[in-house]
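Predicted model only: the values in this text are computed from it and were never measured.
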Amino acid sequence: MTTPAHRVWQRLPQGWIEFIAHGERSPDEWLEWYLTSSEGWMSDEGRASVTSGFRSGVAAFADSALAFAGVSIILGERPSVSFLGTQVVTDTSDGASASFHRLFPLARFGTESTAEAFTSPDSRVGTVTRGTLDVDGREWLLAIGEIPLPDDLGTVLVTGIGSDPEQSLALSMSVAFALITTQYLADGETPGDLAMYPAANA
């Protein structure tokens, strides 16, 4: 999926509900395409809820500087929702991009926070810092990650928020997945070989 204004491409997981990047489609066309896959198993109430939430999300992020923003909903015995927002910083003339990697591990969220480095399949090194935040008496997961873009074209920043405190590792993995699949594309350029990753909405 790409955002023409930013020329940013990111592989998104199955079932992802995207608020900003809809490719060639309008938001309403994207929603119609998304709901087609729910025919036969999602209730009318569920479709109405997804439609309402999608339109609220599109409106909320209409003027955002993010390249991607959306949610993943997990149903079942432990229903939960997670949000990911991606920002790409491509102006590195002042050297700001180089400082992200050194500074991110200093961030801390709550008493159980951790900061971990990881290496992408193409040998770039990124960091994910995760922890919990108490908002009005409810505990939320928070994970913030960064990684250099391929060819040192800038830096990718991803913020993840989750509703289930037991899914801290899963949220971190989602943030890392978003980080390593994000590419900045020049005009006419196509995404690099990401065949190792699962298929995604496009």
Side-chain angles (χ1 to χ4, degrees), residues 1 3 8 10-22 27 31 34 38 42 45-89 100-118 120 126-147 155-182 197-198 200-201:
M1 184 174 292
T3 56
V8 176
Q10 185 180 82
R11 187 174 290 270
L12 302 176
Q14 292 285 355
W16 182 256
I17 301 175
E18 174 62 32
F19 299 140
I20 295 176
H22 303 118
L31 179 62
Y34 181 88
S38 72
M42 184 181 288
E45 181 180 345
R47 289 170 65 92
S49 179
V50 168
T51 298
S52 175
F54 173 78
R55 289 179 174 158
S56 295
V58 169
F61 290 95
D63 298 319
S64 172
L66 297 175
F68 300 91
V71 296
S72 178
I73 301 171
I74 298 175
L75 304 176
E77 294 183 6
R78 293 184 63 92
S80 64
V81 61
S82 59
F83 165 87
L84 294 181
T86 301
Q87 184 174 10
V88 176
V89 180
F100 283 129
H101 184 67
R102 293 193 299 268
L103 296 178
F104 258 64
L106 300 178
R108 288 291 183 270
F109 313 110
T111 58
E112 302 297 325
S113 63
T114 62
E116 299 173 319
F118 66 94
S120 69
T127 301
V128 176
T129 298
R130 59 189 167 106
T132 58
L133 289 177
D134 186 282
V135 180
D136 296 329
R138 178 170 181 173
E139 190 175 53
W140 291 84
L141 294 173
L142 179 62
I144 299 179
E146 59 75 38
I147 197 170
T155 299
V156 184
L157 308 172
V158 175
T159 299
I161 301 172
S163 65
D164 184 354
E166 300 298 320
Q167 298 297 319
S168 178
L169 181 58
L171 181 64
S172 293
M173 292 177 64
S174 295
V175 168
F177 177 84
L179 288 168
I180 64 177
T181 63
T182 302
Y197 305 117
N201 298 336

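With S52 contributing its side chain and A48 its backbone, the two residues share no donor-acceptor pair below 3.5 Å. Between the side chain of Y34 and the backbone N or O of E18, no donor-acceptor pair lies under 3.5 Å.
When all heavy atoms of T127 and L179 are compared, the closest pair comes out as O-CD1, 4.3 Å. Nearest approach of I147 to S120, heavy atoms of both residues: CD1-CB, 4.1 Å. Nearest heavy-atom pair, A67 versus A21, reported as atom, atom and distance to 0.1 Å: O-CB, 3.9 Å. Of all non-hydrogen atoms in A69 and I20, the two that sit nearest each other are CB-CD1, 3.7 Å. Of all non-hydrogen atoms in G162 and L171, the two that sit nearest each other are N-CD2, 3.8 Å. Taking every heavy atom of both residues into account, T132 and E139 meet most closely at OG1-OE2, 3.5 Å.
The OG1 atom of T159 sits 4.5 Å away from the CD1 atom of I144 when rounded to the nearest 0.5 Å. Here the CG atom belonging to L84 is positioned 4.0 Å from the CH2 atom belonging to W16, to the nearest 0.5 angstrom.
A donor and an acceptor atom, one from each side chain of E146 and T155, are nowhere located under 3.5 Å apart.
Every residue two or more places apart in sequence or in another chain that forms a ring pair (Phe, Tyr, Trp, His ring centres under 6.0 Å) with F83 is listed here: F61. Listed by chain and residue number, L31, L35, R55 satisfy the side chain to side chain contact (heavy atoms under 4.5 Å, CB included) test with T51 (two or more places apart in sequence, or in another chain). Shown here are the side-chain hydrogen bond (donor to acceptor under 3.5 Å, both in side chains) partners of T86, two or more places apart in sequence or in another chain: Q10. Residues forming a side chain to side chain contact (heavy atoms under 4.5 Å, CB included) with I73 (at least two apart in sequence, or on another chain): I17, L75, V81.
For residues 56-74, no residue pair satisfies the salt bridge (charged side-chain N to carboxylate O under 4.0 Å, His left out) rule, not counting sequence neighbours. Pairs of residues two or more places apart, or lying in two chains, that qualify as side-chain hydrogen bond (donor to acceptor under 3.5 Å, both in side chains) and include a residue from residues 162-171 are R78-D164, R130-S168.
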